[in-house]
Amino acid sequence: MVKFREYKQINYPEVGKEIRAFWENNNIFSKTITERSGEPSFTFFEGPPSANGTPGIHHVMARAVKDIFCRYKTQKGFQVKRKGGWDTHGLPVELQVEKELGITKDYIGKKISIADYNKKCKEAVMKFKGKWDELTRQIGYWVDLENPYMTFDAHYMESVWHLLKKLHEKNLLYKGYTVQPFSPAAGTGLSSHELNQPGTYQNIKDTSVVAQFKVKPTQQSAFLFDQEEEDVRILAWTTTPWTLPSNCALAVGDKIHYVKISTFNPYTYQPVSVILARELINKYFTEKANQIVLSDYQAGDKLIPWKLLNSFTGKDLLEIRYEQLMPYVTNDKLNEKGFRVISGDFVSTEDGTGVVHTASVFGADDFRISQQNNVPAVMVLDDQGLEVPLVDRKGCFVKEVTDFAGKYVREEYYPESVRQDPNFKPTDVLIAIKLKEENLAFKVEKYEHSYPHCWRTDKPILYYPLDSWFIKTTALKDRLVALNNTINWKPKSTGAGRFGNWLENLVDWNLSRSRYWGTPLPIWVTVDKSEKKCIGSIAELRTEVDQAVAAGLMSESLPENFDLHRPFVDDVILVSPKGQPMHREPDLIDVWFDSGAMPYAQWHYPFENQDLFNSNYPADFIAEGVDQTRGWFFTLHAISCLLFDTVAFKNVIANGLVLDKNGNKMSKRLGNAVNPFDVIEQYGPDATRWYMISNANPWDNLKFDANGILDVQRKFFGTLSNTYSFFALYANLDAFNFKNKAIAATEKTESDLWIISRLNSIVREVDQYYDDYEPTKAARAIQSFTVNDLSNWYVRLNRKRFWIGDYNQNKEVAYQTLYTCLHTIAQLMAPVAPFYAEKLFLDLNSVTKLSSDDSVHLAHFPVINEEAIDTELEARMRLAQLASSLVHSLRKKQKIKVRQPLRKILIPVLNEDEKNRLKKVEELIINETNVKTIDYLDDDAGILIKKIKPNFRTLGVKFGAQLKAITPKINSLIQTDIAQFENDGFFNIEIEGEMIELLLTDVEISSQDIPGWLVASMDGLTVALDINLSDGLKKEGLSRDIVNRIQNLRKDQNLEVQDKIDILYSTHDKLIKEAMEVHQQSIQQETQTKTILFNADLPNGISLDIDGAEIIIQLNLISYEK
RNA sequence: GGGCCUGUAGCUCAGGUGGUUAGAGCGCUACACUGAUAAUGUAGAGGUCCGUGGUUCGAGUCCACGCAGGCCCA
């Protein structure tokens, strides 16, 4: 006879290990996929982590979320393929290798070959793969770890090349420039990482200029002109005067307040009206000077008078045109679209004038807002006819800037000897002098600030336009936005706000990276840049190389297993259609393109697996951290939209962060990082997952506190396993195995029907929540059902059914009902707590074999039995719970223990419906509260005291402002008023001399009190309790006390539940003796006693105290009889 | 500086479409229960719903401006 497994206590980490072994030994994960062959597929994309660091606790969270929906969809009958993946390229890997080798980027290609360097990178990137895989298995995240995609794999890279070629064919790949840190002295660009090296930022003194930009009178600027001939100028500040010839726009802050001030130029003494931020007035003008009348001013006066004329916001200034400040280079395009005021989100009023001079090619902000506002750059054509900026790569002005041609823009670039010359003047100073003379400068001064320097040469860097390859994402911006609107984002705001706004302000995707370890850009160009080729596959490259061999440019064909990485691909020279040699563009592509390409590259699409790809694209679901919004979420979306005109994913959860328990970010440096392995080892995977999911929505930040896991263990898992243990204990005693068919509903008790109704309601609810990607709500609903409905109500009410008497149908119904609930809970909780759910499922099935599935994760999601849902019954039961709770509270107040039976409860009812409802749950209330009868008090007698209160919802609509007067009137109605109101169905009251009519729907009437009774009420239900005790009731109460004492004795003597006993007793208390005699039968039944005999002399008996009276009991175990 | 999120009891969190007495669990205190027992029940204490204005008969909820924390971007 197989029995249900019984446990003394549950060791949750052990459950994790045991079930993991079960899964691995029985290939359950792969069965969940193979057994769903032919079913519709639900597609999930795994966002690839980088395995060059160890996993953190937040990965447990992220992976739990992914896992939940994959398991759920499998339950719902879908086939859910899940390929693991690794992000292997990129800067972090390079940096780690450089740290390990103790080298800098300068060494690469010199002291270490690129080949060796990349070999190191390849080794380093998978350093912690073992740890990742182990954690993945420990937390039960089911994903194919055996055949993951790797972004450095040749097949993967080939697919990436294919995508790039498709982009090229669609004319979405182009070469342009971005503004990046550049060191003219070293002749090289600097990465943001190099800029973050210590010592890079140094304080230097620069010549700063506040320049005057003359406003053109137009319709937009009309409000700035008080007189026709007024000289209105916008003041803009710069610490890099050498960029002023390249000025193309002025940036203001939309919300910043600006003013127009009438004054005189301090260098030319000419009258002028200047515009600057209101907050910065006293930086340029003194209060004292404001006292002076403008017309009193004489050229050369020290104090320059000023007068505030006008005030407005940045928004008002937008699109105003001004005259070019230093017109060395200009053209029609510039005159048409340049030299206007635009909005800059970075503009502040901390320094300068609140207006920022913008030279699009010499500042990162400048470049961005110029692009966004369609402002052209100030450029000239070089010898080859290519557009170049006004400063060359050595840091000198080009010849077109006639006054300063050939001069270094920063004095630090001059040799020391030149700078020592007493007559030497830096270019910035020369520019400042010129501006002063031409009435173009308002203020010139030295300004000390922190500025980045090149770590190689120790000279200041420039922000400079450098060549880059771009994907023209802006060309399909509208489509990107439109498709995004079809994606179901969790939470919504991340999709509409964070991601949506990002798409609205999209700039082209800069693909180029000047690095070593990554996917090389597959573009070859001729030296004169007139011809180019984009290669889309290895085969294509092979063909091209053969042609190059034929042309004598290459010595041999491409070898088998050619590595597409640098440096090998750099050595490939192709031949152009015109017979010119072609060299590869040296850049690598952005690693984000790698990961965004995973839907295609993971299957080596289109070279292999076209069917697999077609049936698994786009993804139904992905989930990653919210920090991926502009990372993976974007690259997936962009590639998919640009090349396939579809979304890459239909549903997405953007997780929040996992913080420490105080809400601080976890970091290894602060020592507050939580090691996930320790947590799993200590608390087990299920409680950890359940805690993370049930505590807060995944998209909210989680304050991780291990105490929370303990709570979850105690509250949810403890209660659930207790309930199972309770079931197993008695089911084993009665040899219950669910072999008889399910008993009909007509044979069930009210509470059986109720819990099954609740169960079905909860199945529906949980299904809905999972389907809506609301794991937190699902987990909370399951927990609430388990703890509140099943354990605290159903089991509590039905305890006796399980352990009293012989096996009968009533008992069997109870077993079946409880079994069904536990079994269903196992299925519902399986996505969130896969291990324990499995254990519960297996333990239950081991005896009954009701389910043919080997695993809860192979079973289908519970089917809702709509007929079992009885909302009326659920409402009744709430009423019973409420009534019981009220009686308990009355007992409590009177200090009458529950064991003492009471005669009667009186419940006032307002109508027949309410009475019938209560009658149906009468038994339950009686049992739960230990009273003999319930009487119902109709209102006919008129003795109920009623309470009336306004129904603001209806009154508010009808009377609005009069409510303030009506409310106290209603509250002050007396009993006879209420009775009349109820009788007539309406009631008139006088408000400010006006009669108004109230209807019954305008108020809520409830019974409040019964004169002369002990009452309690809540939510409209009132109960009254009769606390008079008859002798009979007292004896019955005593008999229960006696049972209690005997049970304690049994426990003290370590008797098993099923052991039978005989009892001898003696007492001098008359009432106790009578109680023993009157209730002998029930005492015997409850305590498994065969015979009870009175015996005055019990030397070995145990003396017990019952409310001050003594009883001596001797208890003998009857040897077990077959 | 911009976008987005969060702010409700000591802690973790609920609070469609505005409705007057703001809830739950944990923790705390007291009592009860004692064959689910490392469980359970009942009651109590605990709140300027981040602040300030506004809309409204009525605001935790709607609007505006702030403050604090966080993420991303600059």
Side-chain angles (χ1 to χ4, degrees), chain A residues 9 253-256 343-350 364-365 368-369 491 493-502 504-505 625-631 654 656-657 659 661-665 691 694-697 699-703 705 707-708 710-712 714-716 718-719 721-730 776-777 780 783-784 787-788 791-792 795-796 799-800 802-803 884-893 895-899 928 949-957 959-967 1043-1045 1047-1048 1050-1051 1055-1058 1086-1088:
Chain A
Q9 62 179 43
D254 284 358
K255 293 176 188 166
I256 297 175
S343 166
D345 51 23
F346 55 87
V347 178
S348 80
T349 52
E350 276 175 24
D365 278 332
R368 183 173 50 88
I369 61 164
S493 58
T494 299
R498 192 184 270 235
F499 195 65
N501 289 337
W502 159 253
E504 291 292 345
N505 294 311
V626 67
D627 52 343
Q628 293 294 326
T629 308
R630 280 146 198 206
L657 268 70
L659 309 169
K661 65 177 174 183
N662 300 316
N664 299 313
K665 198 176 174 177
Y691 161 69
S694 68
N695 186 69
N697 286 315
W699 40 87
D700 290 329
N701 289 349
L702 173 71
K703 287 188 224 168
D705 185 353
N707 286 323
L710 279 177
D711 285 345
V712 162
R714 251 202 325 269
K715 194 78 199 162
F716 177 59
T719 306
S721 55
N722 264 336
T723 307
Y724 168 78
S725 297
F726 175 82
F727 167 81
L729 177 66
Y730 294 108
T776 307
K777 286 183 175 168
R780 286 175 179 173
Q783 176 162 334
S784 165
V787 175
N788 299 331
S791 173
N792 288 357
V795 173
R796 187 151 62 85
R799 240 145 71 181
K800 289 195 176 168
F802 290 90
W803 53 265
S884 304
S885 159
L886 288 170
V887 173
H888 280 305
S889 86
L890 286 172
R891 277 179 173 276
K892 159 83 187 152
K893 273 181 195 142
K895 294 193 184 295
I896 302 170
K897 48 194 169 189
V898 181
R899 229 184 271 138
E928 179 65 13
K949 71 175 194 182
N951 179 357
F952 289 97
R953 244 178 235 281
T954 58
L955 286 171
V957 176
F959 302 112
Q962 286 180 298
L963 228 59
K964 279 208 162 118
I966 295 173
T967 305
V1043 168
N1044 165 237
R1045 302 302 191 279
Q1047 300 287 29
N1048 285 343
R1050 286 179 60 109
K1051 248 203 298 193
L1055 298 189
E1056 293 298 323
V1057 177
Q1058 67 273 28
E1086 296 218 16
T1087 59
Q1088 310 278 2

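In this structure, the separation between OG on A:Ser784 and NZ on A:Lys777 is 14.0 Å, given to the nearest 0.5 Å. Taken to the nearest 0.5 Å, the CG atom of A:Asn788 stands 9.5 Å off from the OG1 atom of A:Thr719.
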Strictly under 3.5 Å: I want the nitrogen or oxygen pairs between protein and nucleotides 72-74 of chain B, one per line.
{"residue": "B:C72", "atom": "O4'", "partner": "A:Arg498", "partner atom": "NH1", "Å": "3.3"}
{"residue": "B:C72", "atom": "O2'", "partner": "A:Arg630", "partner atom": "NH1", "Å": "3.4"}
{"residue": "B:C73", "atom": "O4'", "partner": "A:Arg630", "partner atom": "NH1", "Å": "2.9"}
{"residue": "B:A74", "atom": "O3'", "partner": "A:Asp365", "partner atom": "OD1", "Å": "2.6"}
{"residue": "B:A74", "atom": "O2'", "partner": "A:Asp365", "partner atom": "OD1", "Å": "2.6"}
{"residue": "B:A74", "atom": "O2'", "partner": "A:Arg368", "partner atom": "NH2", "Å": "3.4"}

Under 3.5 Å, which N/O atoms of the protein pair with N/O atoms of nucleotides 40-42 of chain B?
{"residue": "B:G41", "atom": "OP1", "partner": "A:Asn792", "partner atom": "ND2", "Å": "2.9"}

Give each protein N/O atom lying under 3.5 Å from an N/O atom of nucleotides 5-8 of chain B, with the pair distance.
none

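At a threshold of 4.0 angstrom between heavy atoms, the contacts of A:Asn788 with the nucleic acid are absent. Residue contacts shown for A:Tyr730 are limited to sugar-phosphate atoms, with no base heavy atom under 4.0 Å away.
Remark: P of B:G2 and CD1 of A:Ile369 are 15 Å apart, rounded to the nearest angstrom. Between the NZ atom of A:Lys703 and the C1' atom of B:A68 there is a distance of 12 Å, rounded to whole Å. Between the C1' atom of B:C11 and the CG atom of A:Leu702 lies a distance of 14 Å, rounded to the nearest Å.
Between A:Ser694 and A:Gln783, the residue anchored closer to the 5' end of RNA chain B is A:Ser694, taking for each the nucleotide with the nearest heavy atom.
Here, B:C57 and B:C26 have their P atoms 43 Å apart, quoted to the whole Å. B:A38 and B:C62: their P atoms are spaced 47 Å apart (whole Å). Across B:C11 and B:G19, the matching C1' atoms stand 31 Å from one another, rounded to whole Å.
When both pairing distances are held under 3.5 Å, B:G51 makes a Watson-Crick or G-U pair with B:C65. Pair check for B:G23 finds B:C13; Watson-Crick or G-U wobble, both atom distances under 3.5 Å.
Of the candidate nucleotides B:C13, B:G70, B:A39, B:G70 has the atom lying nearest to any side-chain atom of A:Leu657.
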